[in-house]
Amino acid sequence: MAALARSVLVIGSNQGIGLELVRQLAASPCPPQHIFATCRDPKGLRGKALQELAAQHPSIKLVQLDTVNLPSIRGAVRAVGSHLKDQGLNLLINNAGVSLHATLRSLDSQKMLSAFADRQPSPTLLSLPQKFLLLLEKAVKGTGKEGLSCSKAAAINVSTKLVSIGLCLRVPQAPMYPYRASKAAQNMVTRCMAAELQDKGILCTAIHPGWVKTDTGTEKVPVMVEHSVRGILTVPASLSQDTSGAFLDWEGNSLPW
Ligand SMILES: NC(=O)c1ccc[n+]([C@@H]2O[C@H](COP(=O)([O-])OP(=O)(O)OC[C@H]3O[C@@H](n4cnc5c(N)ncnc54)[C@H](OP(=O)(O)O)[C@@H]3O)[C@@H](O)[C@H]2O)c1
């Protein structure tokens, strides 16, 4: 069984889906050689579970990254780049997110703007694959493989079905205007990047992880994090030229944008 990718970067990995992604990647029968696990405070209390995991698996490297802080993003790009040297990064999983609630009644411009500026990481995440682009391009040159694949070079944005405009009329219950608007913008960026980067050999896609039991997903949801992540990690192996720019769920089903 081949590794999903030689190097994988998981952004926002100190808890929830991100932590489980790192755990399952490291424990897989054929793990990636390099697993870069980012969090805002890798040495602090919030990074404790990640520190324990990294102590068991030398393939895991902890990287400081606050997605709303540009110097921090640049520092993370430098840290990952200098570790990989001339090999480049194969797979970036853009997972960090914060759910910002506001109903139509409580919504104001400040809440909406903050979803696109300083509180919610999605908007900065919009440009995160762009910041890591040089490393992805380096991976394309390094692998010499044809076509598009996650083992070559790919950016996966963790999205949510809640932002599917096609399904919106059927999912009216979530009063999360700022979250849904900024994640929808992230979806558009995924789609644009997929179109722009396919000629450079880089695959981009958006994945909905299911309604998962985490801080974001709350306790009252149907999917356990282990199950969701097993799916999220199965989907990338099947991605190719045909599925670049797709919006998929954790079971590989296509979702309307
Ligand atoms: N759970 C669900 O049902 C569900 C459904 C659809 C989509 N999603 C998406 O799945 C992704 C993971 O969510 P989750 O359920 O695992 O939620 P979670 O347990 O709340 O984890 C969110 C992660 O994002 C990180 N993060 C937040 N702001 C950050 C920032 N500025 N810089 C760096 N990292 C930051 C958090 O780090 P800190 O601990 O430092 O805050 C944490 O590691 C999110 O993008 C979410 O929107 C989740």
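Start at 1 and go down the list; that is how both ligands and their atoms are numbered.
For atom 12 (C) of ligand 1, the candidate residues are V225, I93, N14, N95; the nearest heavy-atom contact is made by N95. Ranked by closest heavy atom to atom 3 (O) of ligand 1, the top entry among V212, I232, D249 is V212.
In K161, neither the side chain nor the backbone holds a heavy atom less than 4.0 Å from any atom of ligand 1. Residue contacts with ligand 1 for V98 involve side-chain atoms from C-beta outward but no N, CA, C or O (heavy atoms, distance under 4.0 Å). Proximity of S99 to ligand 1, defined as any heavy-atom pair under 4.0 Å, is not found for any part of the residue. Using a 4.0 Å cut-off between heavy atoms, K183 contacts ligand 1 through its side chain alone, with no backbone atom that close. At a heavy-atom cutoff of 4.0 Å, ligand 1 is contacted by the side chain of T214 but not by its backbone. Here L19 has no heavy atoms under 4.0 Å from ligand 1, in either its backbone or its side chain.
Residue contact check: G12 has heavy atoms under 4.0 Å from atoms 43 (O) of ligand 1. Atoms of ligand 1 found under 4.0 Å from any heavy atom of G16 (numbered from 1 in listed order, with element): 16 (O), 19 (O). Atoms of ligand 1 found under 4.0 Å from any heavy atom of L65, numbered from 1 in the order shown, are 32 (N), 33 (C). Within ligand 1, counting atoms from 1 as listed, the ones closer than 4.0 Å to a heavy atom of A96 are 24 (O), 25 (C), 26 (N), 34 (N), 35 (C), 45 (O). Those atoms of ligand 1 that come under 4.0 Å of a heavy atom in R46, given as number and element, are 38 (P), 39 (O), 40 (O), 41 (O). For ligand 1, the atoms closer than 4.0 angstrom to any heavy atom of G97 are 22 (C), 24 (O), 27 (C), 44 (C), 45 (O). Every atom of ligand 1 is numbered from 1 in the order shown, and the set under 4.0 Å from a heavy atom of T160 is 6 (C), 7 (C). For ligand 1 and D66, the ligand atoms under 4.0 Å from any heavy atom of the residue are 30 (C), 31 (N), 32 (N).
Considering backbone and side-chain N/O of W211, none are found under 3.5 Å from N/O of ligand 1. Taking any N or O of Y179, backbone or side chain, at least one lies under 3.5 Å from an N or O belonging to ligand 1. Residue contacts with ligand 1: I17 is placed with a nitrogen or oxygen under 3.5 Å of a nitrogen or oxygen of the ligand (distance criterion only).
Taken together through direct or relayed side-chain contacts under 4.5 Å among Ile, Leu, Val, Met, Phe, Trp and Tyr, M112 and V163 form parts of separate hydrophobic clusters. Follow the hydrophobic side-chain contacts under 4.5 Å out from V158 and you never reach M188; the two are in separate clusters.
The minimum heavy-atom distance linking L136 with N90 is given by the pair CD2-O, 3.9 Å. In terms of heavy atoms, S7 sits closest to L84 at CB-CD2, 3.9 Å. Taking each heavy atom of A194 and S244 in turn, the nearest pair found is CB-OG, 3.9 Å. Between S99 and Y179 the shortest heavy-atom distance is CA-CD1, 3.5 Å. Nearest heavy-atom pair, N14 versus G47, reported as atom, atom and distance to 0.1 Å: CB-CA, 4.4 Å.
Each of L62, L65, V63, L50 was evaluated against P42; a single residue qualifies, L62, per the side-chain contact (heavy atoms from CB on, under 4.5 Å) test. The only member of I156, L203, T243, T205 that meets side-chain contact (heavy atoms from CB on, under 4.5 Å) when paired with P236 is I156.
Counting heavy atoms of neighbouring residues, nucleotides and ligands inside a 6.0 Å radius, atom CD of E146 does not exceed 12 of them. For E196, the CD atom is loosely surrounded, since the number of other residues' heavy atoms within 6.0 Å does not exceed 12.
Using modelled atom types, one finds a donor on one side chain and an acceptor on the other under 3.5 Å when comparing Q15 with R46.
Assignment of P209 to the shell around ligand 1 is supported, since a heavy atom sits closer than 4.0 Å. For the pair S228 and ligand 1, no heavy-atom separation below 4.0 Å is found.
Listed by first then second residue, pairs satisfying salt bridge (Lys or Arg N to Asp or Glu O under 4.0 Å) with a partner in residues 50-68 read K48-E52, not counting sequence neighbours.
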